[in-house]
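Data first, discussion second: the structure below is written as structure tokens.
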Amino acid sequence: MPQAPFGYTVRTYDIITFGDELPGILSLICAAREYYRRTNKYPRSLLMFKGDSRKGIGGHLVRGGLSYLDRSSIPLEIRRAYNLESFGDAPAIYEEFLQRVGVVQVALDPLKASQVLREMLREIRADILSNIEIESVSKQRNQIVGINLTKKETYLAKQFIDSTVNAELAQAAGVKKLKGFETFGLPDSELSVTLVFQTQGLSIQRLKNIEKLYLERFTNLDDRDAQNWLNQAAGNNPEIANRLRKSLVDRNGKLKTMYVGKDYIDIRCKALSIAYHSFRGTPLILEKSGAILDNGNVAILSGGRLSWNAFLYDVNADQAEALARGKAKPTSAMLAEMDYVIKWFKTIGANAVTRADELYIRHSGNVTEVIDPLTGAEMLAGGVRKEEALGTFGYHFDIRGGIKGLDKRAEQQRIENLLHLQKPLFNIGIQHAIIKDIPNLAVISPASGFEGYACSAGRIVEFNCGVGQGIGIVAAMALQSNNNIGDFSNKQVRKVLDQTGKIARIYGQNYTAQAQELSEFEYGIAA
């Protein structure tokens, strides 16, 4: 096949990143910096994506407005043993990005993030191309050579990185992607998507007071109005109503009030959710209502802004894929539902509520044919071996909104469902992100080669930035030696990180018994 269709304008680069999610951008930056370190010149780099760069660069963190960053979770005893900060030892490139944006703990200002990413891309002299659509991918033998766009332009390169949530470039190149949770035998099931919104004028103190008032009323059985509201949110199901009521207090019977940190708020209970759903007149049940106000992760931003990761929409695998291909734009039905959220928040004190331009799509299937797939059990067993590890990341198996049909599937396979899994703390490598049959292509995203529960922890940005740092280094090595991304090992990346003083401390933990239990579950349920 020719490198470009007849009549197409051709532009040539060394490395192209498709998709502007943070791990992909930082991977491109790492590639350019490492190449410069080796050759004293920058490679020809291109960041190409479907979204509109005029609305910001940085994917779901920027145009999707996801300001509350999920950080690495490290048990206290491990932090003490290794003398670690709260979030452990983050990948060097991610730490640099957070510092340049001015993140205190977890709150990322989307506008500032976009500005910093533009600066970092300017520093490596990368080009940016947005508002594009792939028409086809040109290949020679088993390698990608170019991306052909619908506007009759072809972009050639030697190495390619795909950071889209649905592995769109990989799919166009013929890589097989499993739908939804097909690794669990559930190809139609998918994680919920979120439309993030910001409130202004709703002070933290007022929010605390409102939540406390609702908590006191919903736990007071003599408050008939409040109990009617709670029953409405429970879909008039006494069992669900009782469960909701019990969830409002902790083990000691104390009200589960919100926790306010330096730059974030964790909403620990569903008091606000119950109040919203009684206002909306729908049950607080995702499957029944199609959209729910869940416990919020709230980022505290400057100027009295609160950014809410809280409103979930129920989607199946085909819908998630369609949304990803449609530039993550919310549907008209989603926007109509968001109107109720805006109205309700204004009733409790917000003077302005603005939604993000794009959806936060958590997951949309996983590619196969990677060098070394990563399972949830392998995460619980500590990830890659210490001697080849590039860093360590900890996070719970977060299936927000649930995986529809998982309980039933477990029942059918006669295996016990897992209720209390340990949070994995695992060492990072790159082999699950490299396509075996297209060795000059890496997929760094929730769509990487994850199997079973792995995608729930593996979809988190901080982890993927660690993977992206490694992929960037091998992309530079591949360019310099005229090889491919897939020709390099974790150990070779680790050696470079050591040489440049950027290696993170390694503290992955092998939870052997739970890893074995999860392995049996993952293999059993997929059978």
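Computed from a prediction, not measured in an experiment: that's the story for all the values here.
Within the 4.5 Å cutoff, no side-chain heavy atoms of Ile74 are placed close to those of Phe87. Ile57 has its side chain within reach of Ile128: a pair of non-hydrogen atoms, C-beta onward, lies under 4.5 Å apart. The shortest side-chain heavy-atom distance between Leu359 and Lys329 does not fall under the 4.5 Å cut-off. In this structure the side chain of Arg44 reaches within 4.5 angstrom of the side chain of Asp14, judged on heavy atoms. Using a 4.5 Å heavy-atom threshold, the side chains of Leu47 and Asp127 count as separate.
Counting non-hydrogen atoms of neighbouring residues, nucleotides and ligands closer than 6.0 angstrom, the CG atom of Asp498 exceeds 12 such neighbours. Dense packing is recorded around CZ of Arg38, with more than 12 heavy atoms of other residues, nucleotides or ligands lying under 6.0 Å away. Atom NZ of Lys502 sits in a sparse spot, with 12 or fewer heavy atoms from other residues, nucleotides or ligands closer than 6.0 Å. Within 6.0 Å of atom NZ in Lys176, 12 or fewer heavy atoms from other residues, nucleotides or ligands are found, so the atom counts as exposed in its surroundings.
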Glu119/Gln115 under side-chain hydrogen bond (donor to acceptor under 3.5 Å, both in side chains): CA gap, chis, key distance, verdict: CA-CA 6 Å; Glu119 284 169 15; Gln115 290 168 349; over 6 Å; no
Quick one: do Thr194 and Arg362 satisfy side-chain hydrogen bond (donor to acceptor under 3.5 Å, both in side chains)? Show the steps, please. CA-CA 8 Å; Thr194 287; Arg362 290 176 171 79; 2.9 Å; yes
Worked verdict on Tyr264 versus Asn297 for side-chain hydrogen bond (donor to acceptor under 3.5 Å, both in side chains): CA-CA 8 Å; Tyr264 67 95; Asn297 293 335; over 6 Å; no
Is there a salt bridge (Lys or Arg N to Asp or Glu O under 4.0 Å) between Lys55 and Glu358? Walk through the geometry before answering. CA-CA 10 Å; Lys55 294 184 176 178; Glu358 295 181 6; over 6 Å; no
Please walk me through it: do Gln516 and Ser519 pass side-chain hydrogen bond (donor to acceptor under 3.5 Å, both in side chains)? CA-CA 5 Å; Gln516 180 60 37; Ser519 178; 5.2 Å; no
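The pair Glu182-Lys179 does not count as a salt bridge, with every side-chain nitrogen at least 4.0 angstrom from each carboxylate oxygen. Using a cut-off of 4.0 Å between Lys/Arg side-chain N and Asp/Glu carboxylate O, Asp357 and Arg63 are scored as not salt-bridged. A salt bridge links Lys404 and Asp314; the closest N-O separation between the charged side-chain nitrogens and carboxylate oxygens is under 4.0 Å.
Nearest approach of Thr392 to Ile506, heavy atoms of both residues: OG1-CA, 3.5 Å. Leu61 approaches Leu108 most closely through the heavy-atom pair CB-CD2, 3.9 Å. Summarising the geometry of Pro424 relative to Tyr395, their closest heavy-atom pair is CD-O, 2.9 Å, with the distance given to 0.1 Å. Minimum interatomic distance between Ile371 and Gly486 (heavy atoms only, all atoms of both residues): CD1-O, 4.0 Å. Residue Val10 comes nearest to Ala4 through the heavy atom pair CG2-CB, 3.6 Å, listed as atom of the first residue, atom of the second, then distance. Nearest heavy atoms, Thr183 versus Gly452: OG1-N, 3.0 Å.
The stretch residues 381-391 participates, sequence neighbours left out, in these side-chain hydrogen bond (donor to acceptor under 3.5 Å, both in side chains) pairs: Arg385-Glu388, Glu388-Asn490. For residues 19-66, the set of pairs meeting the ring pair (Phe, Tyr, Trp, His ring centres under 6.0 Å) definition, not counting sequence neighbours, comprises Tyr36-Tyr42, His60-Tyr360.
Aromatic ring centroids of Tyr313 and Phe311 lie under 6.0 Å apart.
For the residue pair Asn148 / Ser138, a side-chain donor-acceptor distance below 3.5 Å is found, with atom types taken as modelled. Defined by atom type and a distance below 3.5 Å, a donor-acceptor pair is missing between the side-chain atoms of Tyr511 and Gln509. Using modelled atom types and a 3.5 Å distance limit, the side chains of Glu321 and Gln171 yield a donor-acceptor pair. In this model, no donor atom of one side chain and acceptor atom of the other lie less than 3.5 Å apart for Tyr13 and Gln159.
Under the 30°/60° scheme for interplanar angles, the aromatic rings of Phe426 and Phe393 are found to stand perpendicular.
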Show me the side-chain donor-acceptor pairs of residues 89-105 shorter than 3.5 Å, one per line, residues at least two apart or across chains.
| residue | atom | partner | partner atom | Å |
| --- | --- | --- | --- | --- |
| Asp89 | OD2 | Arg505 | N | 2.9 |
| Glu96 | OE1 | Arg33 | NH1 | 2.7 |
| Glu96 | OE2 | Arg33 | NH2 | 2.8 |
| Glu96 | OE2 | Arg100 | NH1 | 3.0 |
| Arg100 | NH1 | Glu123 | OE1 | 3.3 |
| Arg100 | NH2 | Glu123 | OE2 | 2.5 |

